[in-house]
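The shown structure was predicted, so the numbers you read here are calculated from the model rather than taken from an experiment. Positions are given from 1 along the sequence.
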Amino acid sequence: MARLIDIRLKPGERGLLVGQSGSGKTYAAAWLLRHDSQRCVILDTKTEPVFEHIAAKREDYEETTKIVETRAELTRELRDRKKGADYIIVRPSVSVLADPFELDAWLLEIYNENKSITVFIDEAYQLHKGSQAGPGLIALLTRGRARGITTLVGTQRPAWLTRFALTESNRFYMFRLVDVKDWARLSDVIPGIPKDGIPLKRYEYLYYKMGDDSYTHMAPLPPVADLSWTPQAETEPDEPRRKWF
């Protein structure tokens, strides 16, 4: 009999989601955010359409999505705790993306201004110079838990990330990777991961929760229209959203 594993992030936890383009990483991020009970900020540097479809209509209300492109828009949306969107998708300009520490300043503002919020950072290596991350990302990873901030970091290249992204993570979701340097970096913190990697099919992934004896090889999590479905997570009654009111 298959063992049921709840892969969802709990408030205040940090997760690391890795995988090459097309491996299933982005869909997994959307699924995790769909099952999050807090308000979500999505730093979407690649303009992924799937994030625009996370919000769902329920019997009691319809969840909302807002796309912002400037820091001023982000600030206004974050401070609107009464009518603000459930999902804030942040899509900065090319000029902002070219300056890692300018973008990191947006994360620092999220950290300073908010409690009980979830932040997803897609392609987190863009917030690094070399392997050095800025104070915003470091604050979310090391001190966000005390503020009830959940942080999910996504990347194609874990070898390029600050070590805090690995050592401070509670849960790891590992899709297909091709560079042995990325697997070697993961093997430093996850028991049983060989330095030369593990071959995975598309949408197949490895899951590890910090403190477990080893990782679990999970069945494929395919992209389906209904983001509420998954074969791996324990089924429990959905908790009401908008806890951030």
Item to complete: Examine the side chains of Q132 and T162 and answer whether a donor and an acceptor come within less than 3.5 Å of each other.
Response: no
Fill in: Within one Ile-Leu-Val-Met-Phe-Trp-Tyr cluster: V119 and Y125, side-chain cutoff 4.5 Å
yes
Worksheet item: side chain to side chain contact (heavy atoms under 4.5 Å, CB included) between K46 and D122: does it pass, once the steps are laid out?
Response: CA-CA 8 Å; K46 297 190 300 180; D122 196 13; 3.6 Å; yes
Let me check something: any side-chain donor-acceptor pairs from residues 148-156 under 3.5 Å, sequence neighbours excluded? List them with distances.
unit_1	atom_1	unit_2	atom_2	d
T150	OG1	G12	N	2.9
T150	OG1	Q38	NE2	3.2
T155	OG1	R157	N	3.0
Q156	NE2	E123	OE2	3.0

Worksheet item: Taking it one step at a time, do L200 and L206 satisfy side chain to side chain contact (heavy atoms under 4.5 Å, CB included)?
Response: CA-CA 9 Å; L200 296 171; L206 309 178; 3.9 Å; yes
Worksheet item: Less than 4.0 Å between a side-chain N and a carboxylate O, is that true for E13 and R145?
Response: no
Practice prompt. Treating Ile, Leu, Val, Met, Phe, Trp and Tyr as nodes and any side-chain heavy-atom pair under 4.5 angstrom as an edge, say whether M174 and M210 lie in one connected cluster.
Written response: yes
Response to the item:
All heavy atoms of S187 vs all of A184, minimum pair found to be OG-O, 2.7 Å
Worksheet item: Can you tell me if R176 uses its side chain to pair, donor with acceptor, with the backbone of S23 under 3.5 Å?
Response: no
Discussion item. Less than 4.5 Å apart, side chain to side chain, heavy atoms only: is that true for S37 and P11?
Written reply: yes
Discussion item. Using 0.5 Å steps for rounding, measure from the CD1 atom of I190 to the CZ atom of R185.
Written reply: 11.5 Å
Worksheet item: Just how far is it from atom CD1 of I67 to atom CG of D44, taken to the nearest 0.5 Å?
Response: 8.5 Å
Worksheet entry | Side chains of L16 and L186 in contact at under 4.5 Å (non-hydrogen atoms) | yes
Worksheet item: Does D80 use its side chain to pair, donor to acceptor, with the backbone of R76 at less than 3.5 Å?
Response: no
Practice prompt. Would you check if K201 and Y203 make a side-chain contact, meaning some heavy-atom pair closer than 4.5 Å?
Written response: no
Worksheet item: Is I54 linked to V41 within one hydrophobic cluster, defined over Ile, Leu, Val, Met, Phe, Trp and Tyr using a side-chain heavy-atom separation of less than 4.5 Å?
Response: no
Discussion item. Under 6.0 Å between ring centres: does that hold for F120 and F51?
Written reply: yes
Worksheet entry | Exercise: identify the closest heavy-atom pair between P191 and S214 | O-OG, 3.7 Å
Fill in: Point-to-point distance, once rounded to the nearest 0.5 Å, from CD1 of I89 to CG of L33
9.5 Å
Fill in: Contact check, side chains of R171 and Y208, non-hydrogen atoms, under 4.5 Å
no
Practice prompt. Output the distance between atom CD1 (I88) and atom CD (E77), rounded to the nearest 0.5 Å.
Written response: 4.5 Å
Item to complete: Working to the nearest 0.5 Å, report the span between CZ of R143 and CD1 of I138.
Response: 9.0 Å
Worksheet item: For atom NZ of K10, is the number of surrounding heavy atoms from other residues, nucleotides or ligands below 6.0 Å larger than 12?
Response: yes
Discussion item. Can you tell whether the side chains of R8 and D6 come within less than 4.0 Å, N to carboxylate O?
Written reply: yes
Discussion item. Within 45 degrees of the ring normal and closer than 6.0 Å to the centroid, is that where the cationic atom of K129 sits relative to F101?
Written reply: yes
Fill in: Cation-pi, Y87 ring and R39 (6.0 angstrom, 45 degrees)
no
Fill in: side chain to side chain contact (heavy atoms under 4.5 Å, CB included) evaluation trace for I7 with Y173
CA-CA 9 Å; I7 64 174; Y173 313 87; 4.0 Å; yes
Item to complete: Check whether any side-chain heavy atom of D188 sits under 4.5 Å from a side-chain heavy atom of L166, and report yes or no.
Response: no
Worksheet entry | Evaluation steps, side chain to side chain donor-acceptor pair (under 3.5 Å), between T118 and D36 | CA-CA 8 Å; T118 294; D36 198 283; 2.8 Å; yes
Practice prompt. Ignoring hydrogens and angles, tell me if any N or O in the side chain of R79 forms a donor-acceptor pair with the backbone of E113 under 3.5 Å.
Written response: no
Discussion item. How about CZ on F164, more than 12 heavy atoms from neighbouring residues, nucleotides or ligands closer than 6.0 Å, or not?
Written reply: no
Worksheet entry | 4.5 Å side-chain heavy-atom contact, I117 and L78 | yes
Worksheet item: Hey, are R91 and E52 close enough for a salt bridge, meaning a charged N less than 4.0 Å from a carboxylate O?
Response: yes
Worksheet item: Can V18 be reached from Y27 by stepping across I, L, V, M, F, W or Y side chains whose heavy atoms are under 4.5 Å apart?
Response: no
Worksheet item: Is the Y205 ring parallel, tilted or perpendicular to the F175 ring (thresholds 30°, 60°)?
Response: parallel
Worksheet item: Would you find a donor on one side and an acceptor on the other, under 3.5 Å apart, between the side chain of W183 and the backbone of I193?
Response: no
Practice prompt. Check whether any side-chain heavy atom of F172 lies under 4.5 Å from a side-chain heavy atom of L17, and answer yes or no.
Written response: no
Practice prompt. Please check if atom CG in D213 has more than 12 non-hydrogen atoms from other residues, nucleotides or ligands closer than 6.0 Å.
Written response: no
Fill in: Value rounded to 0.5 Å, distance of OG1 in T26 from CD in E48
4.0 Å
Worksheet, complete the sentence: From the list T45, D104, L97, side-chain contact (heavy atoms from CB on, under 4.5 Å) partner of L127 resolves to D104
Worksheet item: Which atom names give the shortest non-hydrogen contact between W106 and E102, and what distance separates them?
Response: CD1-O, 3.1 Å
Worksheet item: With a 4.0 Å cut-off, would you call R34 and E63 a salt bridge?
Response: yes
Item to complete: Decide yes or no for H128 and L137: does some side-chain heavy atom of the first lie under 4.5 Å from some side-chain heavy atom of the second?
Response: yes
Worksheet item: Would E204 and H217 count as a side chain to side chain contact (heavy atoms under 4.5 Å, CB included) if you check the C-alpha gap in whole Å, the side-chain angles of each, and the deciding distance to 0.1 Å?
Response: CA-CA 8 Å; E204 217 173 34; H217 196 150; 3.4 Å; yes
Item to complete: Decide whether V68 and V96 are clustered together by the hydrophobic rule: side chain heavy atoms of Ile, Leu, Val, Met, Phe, Trp, Tyr closer than 4.5 Å, transitively.
Response: yes
